[in-house]
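Single-structure report; data block below.
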Amino acid sequence: MAEAIALIDCNDFYVSCERVFAPRLLGRPVVVLSNNDGCVISRSEEAKRLGIGMGAPYFKSRRVIEEHGVAVCSSNYELYGDMSRRVMCALREFAPEVDVYSIDEAFIRLGGRGGRGLEEQGLEIRKKVRAWTGIPVSVGIAPTKTLAKLAARHTRTETKSSGVLDLTGADVQEAVLGATEVREVWGVGPSHASLLNEAGISTARELRDADVRWVRRRLSVVAARIVEELRGVQCLPFEECPRARRSVTCSRSFGELTGSLEDLRDAVALYAERAAERLRRAGCAASVVTVFVLTDRHAAAPQYGNSATYELASPTDTTGELAWWAQRGLTQIYRRGYLYKKAGVILGGLRPAGALSMRTHGDEQFERARRAMRAVDALNRRHGRDTVRCGLPRAPDGRWPTKLLLRSPRYTTRLDEVLRV
DNA sequence: TCTGGGGTCCTAGGACCC
DNA sequence: TCTGGGGTCCTAGGACCC
């Protein structure tokens with residue numbers, strides 16, 4: 001049996017995570033909101049049927065949510081991240097190499113295993129992941145990643161479906177591609193979809209059969225690769241090892257607007273700290289620091305947005321140094337008289353932190369700072385985030401605790417929040 | 001009143017070089 | 001009359017993903 005690629009896609013992932021620990025949410029419409037309870041970012045099937053849009057502002061769906069008694073959860077990324085790790089662990093039982101694509105999706109390779117068919121293997125994966133983690137998944141099986149994505153999506157939207165679709169056969173490919181709109185193809189966004197539609201290409205099958213040179217010219221090389229992938233030619237490699245990160249961002253919209261530099265300083269200090277923590281967890285050091293501020297683009301008030309970027313003489317992974325540059329940038333770009341909605345810190349020029357020993361050698365101050373970071377990280381890992389903080393924040397948790405009024409307990413990662421029976 | 005956060009890659013155009 | 005040709009690097013902005 002020829003090798004095939006399977007995409008395992010968790011259904012309505014954030015909602016499903018909430019349901020694992022709160023069975024009262026089963027069978028009823030549920031949505032999960034973004035930070036500040038701003039947008040709907042995950043919906044149960046029941047909620048989708050009520051017409052609640054993906055990414056739609058919460059306040060716009062509020063009426064339908066109240067009318068139909070939709071359960072509403074603030075996002076709980078600690079829980080989702082941990083559940084994701086469990087799902088990926090389960091998948092490793094089926095294939096040694098798992099290509100983790102996002103928090104709720106992964107590719108694995110499927111071959112002939114003891115003569116069992118691909119669909120049968122897909123059903124077993126689905127059953128086991130469900131049993132071990134409580135998360136329902138869809139499985140798409142095909143010769144390429146793009147076709148596997150298409151298969152998983154198709155089986156999820158079909159009303160009578162086993163949750164598994166084997167798209168390796170020519171006939172089933174023909175039928176499914178013909179029934180899939182081009183804008184549903186992975187990598188085709190709204191802009192490319194309307195361009196393709198104008199050219200008379202409206203289904204995935206028509207895109208597959210389009211002139212690849214024309215697609216290359218009018219869209220991009222990425223789009224040309226999609227065409228090849230739809231034809232069954234592998235262009236997107238299976239990635240056994242996670243690719244090296246290129247940047248780390250920490251940014252937030254504020255619960256309320258502010259015009260004060262002091263407020264922005266607090267926010268930027270917190271974001272720099274968070275970004276630096278993530279940087280160290282990834283085992284990286286950064287040599288480029290960017291800080292940005294933005295006003296509320298939805299407001300009628302005067303708009304302003306700016307950023308400052310610094311290239312560091314030598315890379316670092318210490319919070320103090322990174323935060324210093326972020327503050328310096330903030331001083332540069334801050335303008336009085338505007339009401340700010342959002343700020344953020346981006347760390348770039350990433351490289352493995354191991355190479356820092358070059359710099360450490362002979363730089364005692366830097367060496368001390370790095371030892372301090374290791375100690376701080378260890379304490380925070382052991383006793384919970386923000387047990388130790390860097391610098392002197394005005395408020396223990398920043399000025400704007402992100403609004404998370406409806407967040408569920410972090411069942412799997414906080415001892416004081418475990419499920420009580 | 002109320003619109004998230006974190007990423008990647010590609011392209012076009014300008015600056016600059018020989 | 002008649003203005004080369006080819007290359008690299010950088011950046012901003014666009015498009016897409018979840």
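Order of the sequence lines fixes the chain letters, A, B, ..., with proteins taken first and strands second; residue numbering starts at 1 for each chain.
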Taking only side-chain nitrogens and oxygens of [X], does any of them come within less than 4.0 Å of OP1 or OP2 of [N]?
| X | N | answer |
| --- | --- | --- |
| A:Arg243 | B:dC9 | yes |
| A:Ser253 | B:dG5 | yes |
| A:Ser251 | B:dG5 | no |
| A:Arg278 | B:dG6 | yes |
| A:Arg245 | B:dG6 | no |

Is there a side-chain contact between A:Tyr80 and A:Val32 in this structure, where contact means two heavy atoms from C-beta onward sitting under 4.5 Å apart? yes
Applying salt bridge (charged side-chain N to carboxylate O under 4.0 Å, His left out) between A:Glu78 and each of A:Arg407, A:Arg385, A:Arg414, A:Arg85, report the one that passes. A:Arg414
Check this for me, if you would: do [X] and [Y] make a salt bridge, where the nitrogen-to-carboxylate-oxygen distance has to be below 4.0 angstrom?
| X | Y | result |
| --- | --- | --- |
| A:Asp377 | A:Arg374 | no |
| A:Lys145 | A:Glu229 | no |
| A:Arg19 | A:Asp12 | no |
| A:Arg274 | A:Glu277 | yes |
| A:Lys127 | A:Glu124 | no |

Let me know the distance between [atom1] of [X] and [atom2] of [N], rounded to the nearest Å.
| X | N | atom1 | atom2 | value |
| --- | --- | --- | --- | --- |
| A:Leu33 | B:dT3 | CG | P | 12 Å |
| A:Phe292 | B:dG7 | CZ | C1' | 13 Å |
| A:Tyr77 | B:dG6 | OH | P | 9 Å |
| A:Asn36 | B:dG6 | CG | C1' | 16 Å |
| A:Arg62 | B:dC2 | CZ | P | 12 Å |
| A:Arg246 | B:dG6 | CZ | C1' | 15 Å |
| A:Tyr271 | B:dG6 | OH | C1' | 14 Å |
| A:Phe254 | B:dC2 | CZ | P | 16 Å |

Nearest heavy atom decides the nucleotide; on that basis, is A:Asp296 or A:Cys250 closer to the 5' end of DNA chain B? A:Asp296
Side-chain donor-acceptor pair present, A:Gln303, A:Arg297, cut-off under 3.5 Å: no
A:Ser138 and its side-chain hydrogen bond (donor to acceptor under 3.5 Å, both in side chains) partner, picked from A:Thr155, A:Thr157, A:Asn11: A:Asn11
Can you name the residues that form a salt bridge (charged side-chain N to carboxylate O under 4.0 Å, His left out) with A:Arg213, not counting sequence neighbours? A:Asp211
Distance check, rounded to the nearest 0.5 Å: A:Ser202 atom OG versus A:Leu196 atom CG? 9.5 Å
In whole Å, what separates the C1' atom of C:dG4 from that of B:dC17? 14 Å
Where DNA chain B forms runs of at least three Watson-Crick or G-U pairs (i with j, i+1 with j-1, under 3.5 Å), the stems are B:5-18 with C:5-18
Note: contacts of residues 337-350 of chain A with DNA chain B (heavy atom, under 4.0 Å) are A:Lys341, A:Lys342
Residue-level proximity of residues 202-236 of chain A to DNA chain B when a heavy atom falls under 4.0 Å: A:Arg216, A:Ser220, A:Val221, A:Val222, A:Arg225
Indicate every side-chain donor-acceptor pair of residues 230-237 of chain A with a distance under 3.5 Å to a residue at least two apart or in another chain.
residue: A:Arg231; atom: NE; partner: A:Arg208; partner atom: O; Å: 2.8
residue: A:Arg231; atom: NH2; partner: A:Arg208; partner atom: O; Å: 3.2
residue: A:Arg231; atom: NH2; partner: A:Ala210; partner atom: O; Å: 2.7
residue: A:Gln234; atom: NE2; partner: A:Pro143; partner atom: O; Å: 3.0

Just say parallel, tilted or perpendicular for the rings of A:Phe107 and A:Trp186, cut-offs at 30° and 60°. tilted
Quick one: sort the A:Tyr304 and A:Tyr340 rings into parallel, tilted or perpendicular, breaks at 30° and 60°. perpendicular
Are there over 12 heavy-atom neighbours, none belonging to A:Arg246, within less than 6.0 Å of that residue's CZ? no
At under 4.0 Å between heavy atoms, which parts of nucleotides 11-18 of chain C does protein reach? Answer with one letter per nucleotide, 5' to 3': B base, S sugar-phosphate only, - none. ----SSSS
